[in-house]
Amino acid sequence: MDAATLQTFTSPVVLFFVLGLLAAFARSDLAIPEAIAKGMSLYLMAAIGLKGGVAVSKSGVDSTVLIALALGIAASFLMPFLAYAVLKGFGKLERINAGAVAAHYGSVSVVTFVTAVEILEAQGKPPGGYMVAVMAAMETPAILTGLLLARGMGSKDGQKTGELLHEVFFNASVVLLLGAFAIGIIAGEEGFSEVTPFFEAGFKGVLCLFLLDMGLIAARRIMDARAITFRLVLIAIGLPLVNGAIGTAAAAACGLDVGSAAALGVLCASASYIAVPAAMRLALPEADPGIYLTMSLSITFPFNILINIGLISMLASALTGMPGGEGIAP
Amino acid sequence: MDAATLQTFTSPVVLFFVLGLLAAFARSDLAIPEAIAKGMSLYLMAAIGLKGGVAVSKSGVDSTVLIALALGIAASFLMPFLAYAVLKGFGKLERINAGAVAAHYGSVSVVTFVTAVEILEAQGKPPGGYMVAVMAAMETPAILTGLLLARGMGSKDGQKTGELLHEVFFNASVVLLLGAFAIGIIAGEEGFSEVTPFFEAGFKGVLCLFLLDMGLIAARRIMDARAITFRLVLIAIGLPLVNGAIGTAAAAACGLDVGSAAALGVLCASASYIAVPAAMRLALPEADPGIYLTMSLSITFPFNILINIGLISMLASALTGMPGGEGIAP
Amino acid sequence: MDAATLQTFTSPVVLFFVLGLLAAFARSDLAIPEAIAKGMSLYLMAAIGLKGGVAVSKSGVDSTVLIALALGIAASFLMPFLAYAVLKGFGKLERINAGAVAAHYGSVSVVTFVTAVEILEAQGKPPGGYMVAVMAAMETPAILTGLLLARGMGSKDGQKTGELLHEVFFNASVVLLLGAFAIGIIAGEEGFSEVTPFFEAGFKGVLCLFLLDMGLIAARRIMDARAITFRLVLIAIGLPLVNGAIGTAAAAACGLDVGSAAALGVLCASASYIAVPAAMRLALPEADPGIYLTMSLSITFPFNILINIGLISMLASALTGMPGGEGIAP
Amino acid sequence: MIETVIRKRIEILTDTALLSRVTDAVDEAGITGWTVVPVNSGKGRDGRWREERVMGTDKVFVLTIAPEDKAQVLAEALAPVLTKYGFILSMWDVEVIRGERF
Amino acid sequence: MIETVIRKRIEILTDTALLSRVTDAVDEAGITGWTVVPVNSGKGRDGRWREERVMGTDKVFVLTIAPEDKAQVLAEALAPVLTKYGFILSMWDVEVIRGERF
Amino acid sequence: MIETVIRKRIEILTDTALLSRVTDAVDEAGITGWTVVPVNSGKGRDGRWREERVMGTDKVFVLTIAPEDKAQVLAEALAPVLTKYGFILSMWDVEVIRGERF
Ligand SMILES: Nc1ncnc2c1ncn2[C@@H]1O[C@H](COP(=O)(O)O)[C@@H](O)[C@H]1O
Ligand SMILES: Nc1ncnc2c1ncn2[C@@H]1O[C@H](COP(=O)(O)O)[C@@H](O)[C@H]1O
Ligand SMILES: Nc1ncnc2c1ncn2[C@@H]1O[C@H](COP(=O)(O)O)[C@@H](O)[C@H]1O
Ligand code: NA
Ligand code: NA
Ligand code: NA
């Protein structure tokens, strides 16, 4: 374990996540009220959106931004194919469940991204502000691919498809992320400065408590899990490793800076556990939430937070040749 | 649109309100949990009360304060008469509904006031701290006038009147506003400094999220509205214009400074959507919430936030001959 | 009333508590949503735990820490015996209720401790960071003594005892306090600095709103109280006086500094109203919550906040010969 | 087999602001207790409501279990208020254990 | 004595995300209104769920009171969805005051 | 017309802290599932309670639908605890669709 990974484990943000895991495994009754958890998640999305927008209002939009967007959207569309093949072949899932799980791994986890940004910034490798827009853009394409894989081309139910597309494009997190992003661009640094104490100073502390809750939820779910086989556990660890490496490499090859390349890698590695499960309940009610939620939330999410973000950060430094922080320093 | 109005539209506070409106119109499922919204509104009232009290503890109480209080109370008592006449005549509402709506327009909206203070301060025209007490004093008189108009003098139900008066004078927002105001006076600047990071630094950020929620609620209500005629829409825009202008002019004539005159104008222009609806459900259950809530919350409130505060600010500058900020600067 | 006591009454933290009491007595409908109150209490525990842990990471663990821990644990085990004797003799409670109430007075109130820390710090007598661990250690021993007194040695129900012990040692507040304490030690000052704006700057403000809520709840409960006799009221005031004095004296005799001695006194004086009531519902369902909650929450808690913390602070200064702040200054 | 008795379970939908009127009526009917359950949203003749907390016009359910005669007293007492405020009252027979306490 | 009439009280447990499907069905059955009550957690064939807000898969109860025939229409309309999404529908007779409004 | 079967709907008011005792009893009775609904406040022989979260003594409703025989088993299993902790259990007949799953 090198310095960067160690540093991860002394960050309060990660430590609170570990506390949540431990408390749940010890069957403590510690719990964050639902409304508070929802409030914190809205806060985090508004804050990260604003921050990204302000950054873009300063840096402007250049070709790198467009490349990163294109990369992210392509990844979200394409990653489910790989996931689907593995889930059906090695994972022995049938079509419907394989498609549903694949959609999760193509999409992204906002909290994983936010945690990665904190860790990358602490390592001196801040990602570009536009990565927030990339994240928002990556939320939905995977849902379409996943549905296609699960149901085949012949989906006839037009009314429901319209409902689903609406749900997918106007779901709360996309609207809030992109809305706050736009506000950040319009308000700019000066306008943003008014709300800095709230949205910037409080950010890490809120993230601590939110990750405490995520730790509790992830651990409780896995203790109740029934439908998870050992093969699925392996996939839930293997996919983020592979997707993360591919995403980071592609981003580095396209000339993104070290922080942004790592962030794109993390986005590829992360699996959705908010937007996509909701969409799947609507569109694929036959799929088993016990499989897709447990894999994305209870295995992939902790694995990314505790280990994979550190690995991706190192990979990005190696590939871009820009050490940035202590990532590969002696 | 001059600089001041434009500036309004680059303020994150207003932009979040617009985001809420747009998200609801796009039928997004974005929503702030009820408990969080209530918590934010308690926070805003405690903070504005404290701030006002601290300001008064510094400036002391002089005749201006008493004049402003008298003006506000008089306005709250009298404004419902004008509103009632217009609602019955032009608006074609019958007695009960006209009285209920009139009570709303005589009373005040805390959030409109708070937003106005933010905007006025950004324009270099901060209102006096005592305006918080004026606001609290204006909450209730209009309720009495409105009931009188709706029911006539012959209200016989003594027990219920007692209950109503208690409800009206000890309702949560009056108690919290005046309580925090008193605490601000007792604690003074020194005592307040301990809690400044929480109550002052976080204020604008919380206001952003609260207005996001208000935008969502206002837009959703109007999309469901059924009892609203075009004439009522006109009244819901015309009353704040007229009341605002009268209030500002009266305040300026009485010698209030530019910021306080504008604040009094905004208080007159604003319509209650918290204290008064609750009182009306108790006292006038026959009145239709679909009318009074939609008018005050979905039409007058956005109109005030987006347009009228800017107009009143300019009027105050013109009338007091004190430009203050960029209001009327070239 | 000397300067220190007076200062207590101009602190916003205490004033908000008084506001809550007054609002409830005036039968105002002011109320903090349950989820917000729970969220604030989690925040306060995480913050105080972190702060204590960071302090210990700086100061290290020496014999004083161990002495304070031993003192606290001994006090928690032993204090219920005195309380039980008084409650049965003077208070005329029967065995079950006397044991249940005794457990409350042996255990501690986190919010009383937190408020005391704020007041002591403002008086220039900050307690040692390790006192947080002492507090956590004092939560549970009293429960065991209380049960012993209530049920005698012959408790046969092994399964339920196991369940109870688990509940008692892994209850939310113990886990969060000690968990955050550990995170504070691991993260150290540097790691903590990232989250300072959230956990430190906001602390007093959150405490204000939390005490507002506690005031509302304490006053409402006493207005509904039925099972409380005048003798029980006397005990609910006498016990914190005696326990507080004993605790402070013992701590001073053992060489703790003035702030820590006062803090230990406050811990002894305080009565639990979170962890212990929950445990009593499980283990002694026959005991009457109307007695133990009303005594600890509605009498002892306000008495400690408003009067006893000030007294204990003065006693600690006198006994340690270290004035610290204005405690005994002219 | 355990012994059960038949009681009425009464359910009243009321504005939160008017809750105390309903619970006072329950107390006055001599019923031993009541329980309040939160409500999220709804739709009636007056259209939809939701998130009314801002307006203080949100609603709750009051549930109470009572013997037939007391249930009747309560229904009579509330009938005028029901019509005026648009509350809803429904009741049905349930089996309860420990019937002596209701 | 106050007059009561018999109506059906129908209770449907549904995913929050699918709430509008259920309430639309209530509206289409010509029923005058409905009320939504929050749900904390539960257990079924698919195991436990709780704190699902993060996943948007939490549930609510939809309650509605209707005359027998409309209740039947609603049950028929919802039956296919019930099986597909694992909803639960139960109904029973209740006495209501102001029967004309249901 | 759609086919319905008769089941028992059982409703238990319990302390949140003791919820697992009740749900364990439901599981042991062989019932397929249960649902937990929040409760705001209440009044009983021990007086009013509300906002008890600070004290961890707040309450919830546990709802479950089961065939008559299993309902009886559950009621028997819970009867002693009911008296001890002051819980409330009531049950009544309901019609359900998809009767085979209960
Ligand atoms: N007759 C009743 N109907 C409905 N709920 C009741 C009734 N009696 C008691 N309760 C509820 O049960 C709780 C405990 O009652 P008790 O054990 O009588 O104090 C009360 O706080 C109420 O929430
Ligand atoms: N048929 C019904 N079934 C259940 N709840 C209803 C029904 N009709 C009305 N409600 C509820 O009662 C409230 C007031 O109804 P109304 O007085 O018709 O506007 C509505 O908002 C619903 O929450
Ligand atoms: N017998 C039952 N009684 C009450 N609620 C149930 C029952 N079975 C299932 N549920 C609820 O319905 C949800 C879905 O059930 P299932 O489709 O069996 O997973 C569960 O999570 C419970 O909340
Ligand atoms: Na991904
Ligand atoms: Na007004
Ligand atoms: Na104690």
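In what follows, chains are A, B, ... by sequence order, proteins preceding strands, each numbered from 1.
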If one checks every heavy atom of B:L50 against chain C at 4.5 Å, the contacting part turns out to be side chain
Rounded to the nearest 0.5 Å, how far apart are SG of C:C208 and CZ of B:F198?
8.0 Å
Any side-chain hydrogen bond (donor to acceptor under 3.5 Å, both in side chains) pairs touching residues 15-26 of chain C, not counting sequence neighbours?
none
Determine the minimum heavy-atom distance between C:P33 and B:A35, stating which atoms define it.
CG-O, 3.7 Å
Mind listing the donor-acceptor pairs under 3.5 Å that bridge chain B and chain C?
| from | atom 1 | to | atom 2 | distance (Å) |
| --- | --- | --- | --- | --- |
| B:H166 | NE2 | C:A26 | O | 2.7 |
| B:F170 | O | C:S28 | OG | 2.7 |
| B:A172 | N | C:D29 | OD1 | 2.8 |
| B:E194 | OE1 | C:K204 | NZ | 3.2 |

Partner residues of C:F17 under the ring pair (Phe, Tyr, Trp, His ring centres under 6.0 Å) criterion, sequence neighbours left out
C:F301
Within the structure provided, determine whether C:L207 and B:V195 are in side-chain contact (heavy-atom separation under 4.5 Å).
no
Need one label for C:V206: side chain, backbone, both or neither, based on atoms under 4.5 Å from any heavy atom in chain B.
both
Sequence neighbours excluded - ring pair (Phe, Tyr, Trp, His ring centres under 6.0 Å) pairs with any residue from residues 18-37 of chain C:
none
Ignoring hydrogens, what is the shortest heavy-atom contact between C:P12 and B:I183? Give both atom names and the distance.
CA-CG2, 4.2 Å
Side-chain heavy atoms of C:L209 within contact of B:L42, under 4.5 Å:
no
Considering only heavy atoms, which portion of C:F16 lies under 4.5 Å from any heavy atom of chain B: side chain, backbone, both, or neither?
both
